[in-house]
*Asks:* 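Dropping a structure here in structure tokens format, bear with me for questions.
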Amino acid sequence: MCGIVGYIGKEKNALKVLINGLEHLEYRGYDSSGIAYILNDKLIVKKEPGRIMRLKETIDFNNDSYIGIGHTRWATHGEPNKINSHPHNSEHITIVHNGIIENYLELRKELTNKGYSFKSDTDTEVAAVLLNDLYKKYNDIIKAIQEFKNIVKGAYAIAILCDKEKDTLYAIKKNSPLIIGTSEDANYLASDVPAIIEYTNKYLTLDDGSYAKITKDKVEVYNNDNKLIDLDIKTFDSTYENTNKMGFEHYMLKEIHEEPTVVRRTSNIKTIPNISKYKKIVITACGSAMHAGLVGKYLIEKYANIPVEVEIASEFRYKKLFIDKSSLVIAISQSGETADTLEAVKIAKKYGSTTIGIINVKESSIAREVDKVIYTEAGREIAVATTKAYLSQVEVLALLAYKASKEKDLEEIKKFINDLNELPVLIDTIIDNSNEYKLISKYLYQKEDIFFIGRGIDYALCMEASLKLKEISYIHSEAYAAGELKHGTISLIENGTPVIGIVTDKTIADKTISNLKEVKSRGAYVIYVTTDKLAKKGDFYDKCIILPDINPLLQPLLIIIPLQLMAYYIAKEKGCDIDKPKNLAKSVTVE
Ligand code: G6P
């Protein structure tokens, strides 16, 4: 989702810093980009639809500029064309924005009545025009910002340039991420750390409702009550990861290959709290993180004997909730910035529930909002479709279920720890087997629909496998509870329709196998995904993927790997832009 960069410094290399910063935010997903900077006392705006490469071609990097703002746009209001791209300018004020101005139509009407006109379809241009109008009223940007905050509803992180103050950047933040980077010779604005990490490891986060005035050697931050506050400057972890592809063709493949290391890093059971005292748990998240939550539900209910509900965060926000002080709400998020998940946590806190975050990005908004954070140690994930972060979320949930399970004897503990230690090796062997999945993918990539079926925890895995496939290959796919198939989906099965059946739970294996027989007899091309112990000969499948058995708590961590790899190879056969699938964003900072 939209990315923001801002630079003001002693060195006149703003253009390079802005473009470099935007390139480091590409992972968030975008469909156009733009920058605004001051050159020889004049404001220049450059913007282009499509990839940053197109924007770069319009820029003369020999030009010296010491101040500018940049943006990658993920379209929400108006199509991704040049006019709708940011920055947006209104007379004295030029801005870039991440978020959604909810009352923009109303404001646009009021401003039109005042005589202003608009070029774009965006909510952001309305914010620019409003800020300019307020600036003209007060002749003071800080005052304009204060009134802007009272008028505007919604979420916004905004970087502002004013043509009357060519040596100052301003910024406002509410419910969308924004950090300020500081250094001896320059100060920066960014949606996320990677945009500025090459230049500084000192930063400060802005609280909701706060705003800042930034010059090349000074940062002033005002809180929601308009009070100037002390700066709480933090230091990034100096081991912030290198993010090149390390010889892999795509980040997604590189990230799948990192999974053995990731599960090893995440497996520290000592950092896992014991949640056995809670009578009820609600897991809230979006996308793959929600699917990880579904796996967690099965594990926690089965092993810790606590009822668990999983609520999509965008639903959680607007439904009647049955939580109170005795409930635990677990929010899962790779980015730690997903707007709906963040809001769900705030709501849960209002109900008095304890909140735990399972988060990948350190110091992100959700990590700071929850009562207790458990970091998944997946490292930076660049591919929009998550793989290693999802896996680490499932691992943390398995560890939570294990820790809260009934009294365990020493032998059992030893066995679990052994299995946990064995996990990276087994994942490695599955990845080594990639040729098998490549061959199946060569058969599947021309198909128009692919179905996944399973029961219980296997159904939760089907949902993630199906999502991964459709996200990056654009093949229509559905995950279905195997027993529900007969109530509708079976009518879609034709000769050769691929149905992938996941069977890992021996108590219900025969039931799912019956369902596979039903589709097979209607012409489906069946791929049976199972474990060594449940592998069997039979005429109910065309292909079989057999995975090693492990402690059932950890089994889901093995099952998903070939399905991630198959999604990857199918998308590759189709020639898709695997790391940046169309219309998707890695960090969804609007609701
Ligand atoms: C986007 C990403 C998904 C991710 C979801 C939730 O849709 O493309 O991969 O699962 O957001 O993101 P989060 O950062 O909260 O895990």
Side-chain angles (χ1 to χ4, degrees), residues 256-257 259-260 262-264 267 295 298-299 302-303 387 390-391 394-395 397-399 401-402 411-441 443-444 452-465 468 479 482 498-517 519-520 525-569:
I256 293 173
H257 277 79
E259 290 182 328
V262 168
V263 295
R264 190 175 292 120
S267 66
V295 174
Y298 286 102
L299 296 177
K302 183 162 178 186
Y303 293 94
T387 50
Y390 164 85
L391 203 73
V394 173
E395 186 177 13
L397 289 158
L399 296 178
Y402 174 74
E411 255 327 285
E412 244 182 286
I413 296 178
K414 242 169 109 192
K415 177 145 189 349
F416 181 78
I417 303 295
N418 274 345
D419 284 346
L420 203 54
N421 290 337
E422 203 194 350
L423 200 56
V425 183
L426 294 179
I427 294 177
D428 243 340
T429 53
I430 295 171
I431 294 173
D432 279 351
N433 221 4
S434 285
N435 267 340
E436 187 186 338
Y437 323 129
K438 263 188 213 166
L439 281 177
I440 302 178
S441 304
Y443 175 76
L444 293 182
F452 289 82
I453 64 167
R455 288 169 185 253
I457 197 163
D458 296 334
Y459 174 41
L461 291 165
C462 284
M463 290 173 83
E464 176 56 11
K468 209 75 333 183
V499 176
I500 301 177
I502 303 182
V503 180
T504 66
D505 181 346
K506 76 167 185 297
T507 60
I508 43 172
D510 287 342
K511 305 281 173 198
T512 310
I513 289 172
S514 289
N515 301 130
L516 287 174
K517 287 180 180 165
V519 289
K520 179 82 191 122
Y525 181 86
V526 172
I527 301 173
Y528 178 50
V529 180
T530 191
T531 65
D532 272 319
K533 278 189 193 142
L534 293 173
K536 52 165 86 178
K537 291 218 161 56
D539 53 7
F540 65 92
Y541 59 80
D542 298 273
K543 281 263 173 299
C544 185
I545 296 177
I546 303 172
L547 299 157
D549 282 282
I550 194 167
N551 190 310
L553 268 162
L554 304 173
Q555 193 72 62
L557 291 150
L558 299 184
I559 302 298
I560 200 66
I561 316 275
L563 302 167
Q564 291 175 339
L565 282 162
M566 266 163 51
Y568 172 81
Y569 288 117

*Asks:* Output, in order, the C-alpha distance, side-chain angles, deciding distance and verdict of salt bridge (Lys or Arg N to Asp or Glu O under 4.0 Å) for Lys517 and Asp539.
*Replies:* CA-CA 8 Å; Lys517 287 180 180 165; Asp539 53 7; over 6 Å; no
*Asks:* Of Leu397, Ile457, Leu557, which meets side-chain contact (heavy atoms from CB on, under 4.5 Å) against Val295?
*Replies:* Ile457
*Asks:* Rounded to the nearest 0.5 Å, how far apart are CZ of Phe452 and OH of Tyr459?
*Replies:*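 One finds 13.0 Å between CZ of Phe452 and OH of Tyr459.
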*Asks:* Counting N and O atoms only, with roles assigned by atom type, does the side chain of Asp549 sit under 3.5 Å from a partner on the main chain of Asp532, one being a donor and the other an acceptor?
*Replies:*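 Between the backbone of Asp532 and the side chain of Asp549 there is a qualifying donor-acceptor contact (under 3.5 Å).
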*Asks:* I need the Leu547 CG to Leu426 CG distance, nearest 0.5 Å.
*Replies:*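 Taking CG in Leu547 and CG in Leu426, the distance rounds to 10.0 Å.
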*Asks:* Can a donor-acceptor pair be found, under 3.5 Å and without considering hydrogens, that links the side chain of Thr530 to the backbone of Val503?
*Replies:*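 Yes, Thr530 side chain to Val503 backbone: donor-acceptor pair under 3.5 Å.
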*Asks:* When you compare the side chain of Gln564 with that of Tyr390, does any pair of heavy atoms fall below 4.5 Å?
*Replies:*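 Contact flag for Tyr390/Gln564 side chains = yes.
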*Asks:* Evaluate the side-chain contact (heavy atoms from CB on, under 4.5 Å) criterion for residues Ile427 and Ile431: first the C-alpha distance (whole Å), next the side-chain angles of each, then the deciding distance (0.1 Å), finally the verdict.
*Replies:* CA-CA 6 Å; Ile427 294 177; Ile431 294 173; 3.9 Å; yes
*Asks:* Work out which heavy atom in Glu395 is nearest to a heavy atom in Val263; give both atom names and the distance.
*Replies:*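 Answer, listing the atom of Glu395 first, then Val263: OE2-O, 2.8 Å.
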*Asks:* Where do Asp505 and Thr507 come nearest, in terms of heavy atoms and distance?
*Replies:* OD1-OG1, 2.7 Å
*Asks:* Rounded at 0.5 Å granularity, tell me how far CE in Met566 sits from NZ in Lys438.
*Replies:* 14.0 Å
*Asks:* Please report the interatomic distance CD1(Ile550) to CG(Asn418), rounded to the nearest 0.5 Å.
*Replies:*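 One finds 10.0 Å between CD1 of Ile550 and CG of Asn418.
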*Asks:* Applying salt bridge (Lys or Arg N to Asp or Glu O under 4.0 Å) to Asp510 and Lys536, what does each step give before you reach the verdict?
*Replies:* CA-CA 11 Å; Asp510 287 342; Lys536 52 165 86 178; 3.6 Å; yes
*Asks:* Could you report the tightest heavy-atom contact between Ala398 and Leu554, atom names first, then the distance?
*Replies:* CB-CD2, 4.3 Å
*Asks:* Which atom names give the shortest non-hydrogen contact between Ser441 and Tyr569, and what distance separates them?
*Replies:* OG-CB, 3.4 Å
*Asks:* With distance as the sole criterion, is a donor-acceptor pair present between the side chains of Asn515 and Arg455 under 3.5 Å?
*Replies:*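 Judged by distance alone, the side chains do pair up.
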*Asks:* Decide side-chain contact (heavy atoms from CB on, under 4.5 Å) for Ile513 and Tyr541; before the verdict, give the C-alpha distance in whole Å, the side-chain angles of both, and the deciding distance to 0.1 Å.
*Replies:* CA-CA 9 Å; Ile513 289 172; Tyr541 59 80; over 6 Å; no
*Asks:* Using a 4.5 Å cut-off on heavy atoms from C-beta on, say whether the side chain of Thr531 contacts that of Ile546.
*Replies:* no
*Asks:* When rounded to the nearest 0.5 angstrom, what is the spacing between CD1 in Ile256 and CD1 in Ile560?
*Replies:*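 Nearest 0.5 Å value for the CD1-CD1 distance: 10.0 Å.
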*Asks:* Could you grab the distance from atom CG of Asp428 to atom CG of Leu423, nearest 0.5 Å is fine?
*Replies:* 10.5 Å
*Asks:* State whether the side chain of Asn551 and the backbone N or O of Phe416 hold a donor-acceptor pair below 3.5 Å, judged by distance alone.
*Replies:* no
*Asks:* Begin with the C-alpha distance, continue with both residues' side-chain angles, and end with the deciding distance and a verdict on ring pair (Phe, Tyr, Trp, His ring centres under 6.0 Å) for Tyr303 and Tyr402.
*Replies:* CA-CA 7 Å; Tyr303 293 94; Tyr402 174 74; 8.8 Å; no
*Asks:* If every non-hydrogen atom of Thr512 is compared with every non-hydrogen atom of Gly454, which pair is closest and at what distance?
*Replies:* CG2-CA, 4.3 Å
*Asks:* Answer yes or no: is there a side-chain heavy-atom contact under 4.5 Å between Lys543 and Tyr528?
*Replies:* no
*Asks:* Given the rule in the side-chain contact (heavy atoms from CB on, under 4.5 Å) test, do Val499 and Ile453 qualify, once you have shown the distances and angles that lead to the verdict?
*Replies:* CA-CA 7 Å; Val499 176; Ile453 64 167; 4.0 Å; yes
*Asks:* Got Ile545 and Tyr437 here, is their nearest side-chain heavy-atom distance under 4.5 Å?
*Replies:* yes
*Asks:* Dump the intermediate steps for side-chain contact (heavy atoms from CB on, under 4.5 Å) on Leu558 and Ile430, then the final yes or no.
*Replies:* CA-CA 8 Å; Leu558 299 184; Ile430 295 171; 3.9 Å; yes
*Asks:* Testing the basics here: between Pro424 and Arg264, what is the closest heavy-atom pair and its distance to 0.1 Å?
*Replies:*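 Nearest heavy atoms, Pro424 then Arg264: CB-NH2, 3.4 Å.
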